[in-house]
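Counting starts at 1 for both ligands and their atoms, following the listed order.
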Amino acid sequence: MDLAVQYLRRKPTLQEIETGWDRFEKMQDQCGFGELGLCCRNCLMGPCRINPFGESPTRGICGITADGIVARNLCRTIAVGAAAHSDHGIHIFEVLEKISQGVKLKYSIKSPQKFEQLLKKFNLNLDFEKGLVELLKLAHKAFTSLEGAMFWLEKTLTAKRFAKLKELNVIPIGVDPTIRETLHRTHMGTDADYKNLLLGAIKCSLADFLGMDIASNLSDVLLGIPKLKFSISNLGVINAKAVNIAVHGHNPLVSTSILEMTPFFHEKAKEAGAEDGVNIVGICCTGTELLLRNGIPLATNSASQEIAVLTGALDAMVVDVQCIMPSLADVCECFHTKLITTMSIAKIPGAMHVEFEPETAEETASKIIETAIEAYKSRNRKLVDIPNICQETMVGFSPEAIFELLLKINEKEPLKPFIDNVVLGKIFGIVLFAGCNNYKVVQDYNFINMAKELARHNILLVATGCAGGAFGKCGFLSPSALHICGEKLQEVLIELGKYTGFNRPLPPVWHMGSCVDNSRVIRILSAIAETLEVDISDLPVAASAPELMSEKSIAIGTYAVSLGVTTHIGVTPQVLGGREVTEVLTNKITEILDAKFIIETDPFIASQKIIEHISNKRKKLGI
Ligand code: SF4
Ligand code: MSK
């Protein structure tokens with residue numbers, strides 16, 4: 001769908017360079033057992049595969065059923081997603097911990113406002129230094145104990161949802177122990193009851209939410225709360241006259257230090273011939289972190305990460321963790337582009353490794369920028385071809401930025417004007433778009449078509465991660481895209497826009513952050529539900545991951561359902577081989593969580609199903 005990507009992918013001189021789309025074609029037909037989630041290699045008697053047509057073999061060698069295998073695989077997927085999010089959180093935690101211990105770092109607390117907010121939320125009536133120590137103790141307890149997890153979740157979720165989860169006995173026993181327990185129960189000969197495994201999956205997904213909520217909150221404390229601002233998105237943000245550094249992955253620590261060191265290298269870049277100095281652009285969630293906090297332009301989202309290199313004008317691609325294609329090394333090899341890995345747990349053969357440590361962040365960042373400037377000197381001008389495509393992008397819709405805006409309308413009850421518009425049907429509902437791209441779907445096709453369908457029905461859209469990237473690139477994060485909304489929603493966005501100081505309407509899609517910031521959406525929905533004295537599951541809301549790819553997305557989708565948000569998935573998940581499991585996830589789960597999964601690959605039918613779901617919720621609320 002992205003014209004910039006289409007242009008470079010179809011360029012005759014670049015045809016020899018293999019990308020994810022080529023590898024996807026070569027991979028066809030993909031294994032049917034794997035597609036259905038019916039293979040198991042959890043022990044060395046395997047691999048075992050179950051016949052999906054009910055014929056023999058109907059059980060693994062150990063005797064486990066198809067539903068048992070599918071549920072076990074799902075648990076493992078969620079555990080990996082939760083581990084990725086929480087490890088990200090730990091990286092931020094460790095920097096704050098060092099600050100609290102007085103270690104001299106380049107980082108300092110950028111948002112005292114967020115820090116105070118968290119102290120208040122957790123009843124910590126303390127001064128700065130003691131407050132920081134106690135806040136970190138709480139986060140650590142949430143990572144490691146049931147007591148800590150209970151405390152953090154009770155203070156974050158609606159009372160009704162928390163009570164429901166407690167009754168189901170699915171409150172995580174801390175983030176880390178829950179991941180451990182989940183992996184344990186999936187060991188050969190341990191949990192064989194698919195229902196019990198699915199409860200384990202719910203519990204682990206809540207550990208994911210917890211780790212993510214800690215990561216998102218602590219990132220705001222350390223790096224600042226995103227505020228409303230304008231930037232630009234798509235490959236046109238790469239500047240032929242500058243040394244271009246793309247930052248990619250998920251860890252904002254590395255990229256933030258590169259960004260902060262950049263001003264010291266403009267002159268050096270100019271001396272090397274780059275008249276516009278150093279230009280930082282973002283890819284995936286690292287890009288999103290810098291986009292929302294610092295207004296740094298976003299080059300592209302996940303499926304087209306290799307395409308950014310094909311512009312011939314990237315001098316360095318700096319990567320940290322998660323969603324980084326190992327193939328980048330081969331693509332960079334075709335150009336002068338330096339691929340630089342920065343984290344000890346994420347190395348790529350063929351890449352240069354510059355280890356990142358918070359204590360030496362400045363030196364590391366300087367070394368990376370200098371490497372990019374050196375690479376620039378060998379840039380082949382003949383290979384440079386940057387599609388002149390980029391879109392205005394309004395970002396920074398953190399809960400704090402939204403509340404700040406609403407406070408200007410109603411100082412006493414800031415949520416009231418928003419809720420009134422929901423009641424009046426001017427905002428018919430809210431849908432969160434999250435998750436990745438997936439080569440099984442034409443890139444951004446489901447995002448764009450579903451957004452158009454839903455916005456037309458006056459549904460307000462919020463986005464995170466690569467969903468936000470898709471909407472940025474196609475222009476839906478710009479106030480100029482107001483026309484995709486129904487008239488009633490247009491009125492609301494125009495009215496709210498009057499209070500931003502930008503004298504523009506708000507865009508149809510509100511970008512809330514990276515993958516870990518999905519927890520921001522839950523915080524807002526919880527606040528609305530508490531105001532109305534209902535549960536999140538009573539609200540006219542839904543979530544959609546129409547092009548999901550990563551294990552993290554499965555974890556997010558599962559916790560969204562666990563927290564009462566019916567969630568659409570646009571790529572067939574690897575569970576359909578377990579008939580009972582599928583029936584539970586798409587139907588019976590409603591009995592215990594009042595929310596379910598909608599699996600639908602057609603974006604138009606999916607939109608209809610979401611609209612129907614929202615209509616039903618409105619009817620139940622009597623609005
Ligand atoms: Fe096969 Fe059971 Fe071993 Fe899985 S755990 S590989 S189903 S024997
Ligand atoms: S980066 S998890 S491809 S959203 Fe967060 Fe994008 Fe999905 Fe990675």
- Task: Answer with yes or no whether the side chains of N446 and E547 bring together a donor and an acceptor at under 3.5 Å.
- Result: no
- Message: I'd like to know if K110 pairs up with D220 as an ion pair, taking the criterion as any Lys NZ or Arg NE/NH1/NH2 lying under 4.0 Å from an Asp or Glu carboxylate oxygen.
- Response: no
- Query: Excluding waters, which protein N, O or S atoms are within less than 2.8 Å of atom 4 (Fe) of ligand 1?
  - Reply: C40 SG
- Item | N, O or S atoms of the protein lying under 2.8 Å from atom 7 (Fe) of ligand 2 | C436 SG
- Task: For atom 5 (Fe) of ligand 2, find the closest N/O/S atom on H250 and give its atom name.
- Result: NE2
- Message: Under a 4.0 Å threshold between the charged nitrogen and the carboxylate oxygen, would R76 count as salt-bridged to E551?
- Response: no
- Regarding D444 and N301, is there a side-chain donor-to-acceptor distance under 3.5 Å anywhere? yes
- Query: When you check the gap from the basic side-chain N to the acidic O, do R9 and D22 get nearer than 4.0 Å?
  - Reply: yes
- Between the side chain of S86 and the main-chain N/O of G89, is any donor-acceptor distance below 3.5 Å? no
- Provide the full list of ring pair (Phe, Tyr, Trp, His ring centres under 6.0 Å) pairs with a residue in residues 43-91, sequence neighbours left out, each pair given once. none
- Query: Is a side-chain N or O of N51 found less than 3.5 angstrom from the main chain of T58, in a donor-acceptor match?
  - Reply: no
- Would you call the rings of Y107 and F356 parallel, tilted or perpendicular if under 30° counts as parallel and over 60° as perpendicular? perpendicular
- R49 touching ligand 1 at heavy-atom level, < 4.0 angstrom: no
- Task: Can you tell me which residue pairs pass the ring pair (Phe, Tyr, Trp, His ring centres under 6.0 Å) test with a partner in residues 179-234, sequence neighbours excluded?
- Result: F209-Y559, F230-F502
- Query: So which bit of R59 gets within less than 4.0 Å of ligand 1, heavy atoms only: side chain, backbone, both or neither?
  - Reply: neither
- Just by modelled atom types, is the F397 backbone N or O under 3.5 Å from a matching donor or acceptor in the R520 side chain? no
